[in-house]
Number of protein chains: 2
Amino acid sequence: MEDLKKTIRSFTHVSDSDMEFGLQFYKNEVYKKGSFLIQPDQYMYNFYFLKQGCVSYYTIEEGTTRVMEFFTEGYFFTDLYPYIEEIPSESYLEALEDTIVYAISKTDVQKVFDYSHALERFGRLSMQKTFVINFQRINQLRNLSNQERYLQLLEKRPTLFQRVPQYLIASYLGLTPVGLSKIRKRLSQK
Amino acid sequence: MEDLKKTIRSFTHVSDSDMEFGLQFYKNEVYKKGSFLIQPDQYMYNFYFLKQGCVSYYTIEEGTTRVMEFFTEGYFFTDLYPYIEEIPSESYLEALEDTIVYAISKTDVQKVFDYSHALERFGRLSMQKTFVINFQRINQLRNLSNQERYLQLLEKRPTLFQRVPQYLIASYLGLTPVGLSKIRKRLSQK
DNA sequence: GATATTTATTAAACCAGTTTAATAAGAATC
DNA sequence: GATTCTTATTAAACTGGTTTAATAAATATC
């Protein structure tokens, strides 16, 4: 779990003993391509760190798949709202590739934060970081054209386009496969 | 500062002595309507709790005002990214009404979190809450039509429409004043 | 209370997306 | 290797916004 340790320490200093205490609760989980970490009506008990693979986080509303996020190596994630509120999920977390995650249960997270102030600080800072990322995403959604958002994704997460089918990327960008195809055509004509 | 105390305790238990330690750093600040808590190129040293009034958080890009958020009574806010990274702001925080905030400096926040594990927990949980709110907003932006988002805002923050001019609400919803006017007309014809 | 300024609506032309449907290309399966 | 299923592109008609400009209504100022 060196990668997890490293990622945690990129946020704040954590002593070896605190780190050891925290890491003992993480369990290795393997998901085959096409299998689900969660589906609607299930409860989300875990917080995850993605070690290897790719997970899409989406809902299906009125028959339409809406991709909210693609999680790849180094991401912390869960289905946060159901996780916090302890209510059934309305979403899917599906492995788009064979995927390895480190999972820690909510009760164990609580134990860790009670035990270690430094790790609670890590919790706050990582939450803060995702807050900033989300906020930038909101502004991007409102200020940029679809074409600009496509180009930005291409620049920031280029490997995604090799790993994920285009219609899911279209969904992530908030448009239809037809719409994305048009944008790509328009760009290639320049 | 009873309202601030109450809001903090709505997140997690905080002992009287920790609370007292934390609150001593908050300063009362008053902003006249039309004045700024921050403008581009300034640094953001404070974290705020809005006691009374209304503050709009916006950028001006290529001559166009883009409202990112309206903060009203009970909101915690700052210009988070410049605050974290200690870089100059690119945004405005403008009092749309005479406004009272409680302000705490970043260095004092650090002192408080170092002193009190419980208050750091509050910090994490409040960050987590805004994370959830932002996430819901992202999904709203992507899944709902402009008309639906207008109706939702009308339902969730009805008083905003009495406090804030319509063209700023249009901007917040990501459309032009003309566009919002059309939506309103369409709705009134039913 | 008349005048100037700001804010909201309406109209017309335009455009970037949508939906539906057909086609083409690629990948998986027998 | 032929067939089936999945994914991506293209076309055509449509739609909900945009921009620009004119007008109307509301608000502030002298």
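Lettering follows sequence order; numbering is per chain, from 1.
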field: Which nucleotide in C:dG17, D:dT9, C:dT10 has an atom nearest any side-chain atom of A:Ser181
entry: D:dT9
message: Can you list everything that forms a side chain to side chain donor-acceptor pair (under 3.5 Å) with B:Glu97? Sequence neighbours excluded, please.
response: B:Arg163
field: Under-4.0 Å side-chain N/O to phosphate OP1/OP2 contact, B:Arg184 with C:dA8
entry: no
- prompt: Is the shortest side-chain N/O distance from A:Lys185 to OP1 or OP2 of D:dA11 below 4.0 Å?
  reply: yes
field: Within residues 161-174 of chain B, residues whose heavy atoms come under 4.0 Å of DNA chain D
entry: none
- prompt: Should the pair B:Phe47 and B:Phe76 be assigned to parallel (<30°), tilted (30 to 60°) or perpendicular (>60°) ring geometry?
  reply: tilted
Identify all pairs in which a protein N or O lies below 3.5 Å from an N or O of nucleotides 28-30 of chain C, and state each distance.
none

Nonpolar side-chain network containing A:Val30, other nodes, edges under 4.5 Å: A:Ile100
task: May I ask you to list the residues sharing a hydrophobic cluster with B:Leu141, side-chain cutoff 4.5 Å, ordered by chain and number?
output: A:Ile138, A:Leu141, B:Ile138
- request: Can you run down the salt bridge (Lys or Arg N to Asp or Glu O under 4.0 Å) pairs that involve residues 109-124 of chain B, sequence neighbours left out, and say none if there aren't any?
  value: A:Asp114-B:Arg121, A:Glu120-B:Arg121, A:Glu120-B:Arg124, A:Arg121-B:Asp114, A:Arg121-B:Glu120, A:Arg124-B:Glu120, B:Asp108-B:Lys111
Per A:Leu175 side chain, nearest of listed nucleotides D:dA21, C:dG17, C:dT19: C:dG17
query: What is the ring orientation for B:Tyr172 with B:Phe70, classed by angle as parallel under 30°, tilted 30 to 60°, or perpendicular over 60°?
result: tilted
message: Taking only side-chain N and O atoms of A:Arg186, does any of them lie within less than 4.0 angstrom of OP1 or OP2 on C:dA16?
response: no
query: Just by modelled atom types, is the B:Glu61 backbone N or O under 3.5 Å from a matching donor or acceptor in the B:Thr59 side chain?
result: no
- prompt: Looking at D:dT19, D:dT10, C:dT9, which one has an atom nearest to any side-chain atom of B:Thr176?
  reply: D:dT19
- request: Measure the acute angle between the ring planes of B:Phe122 and B:Phe11, then classify it against the limits of 30° and 60° as parallel, tilted or perpendicular.
  value: perpendicular
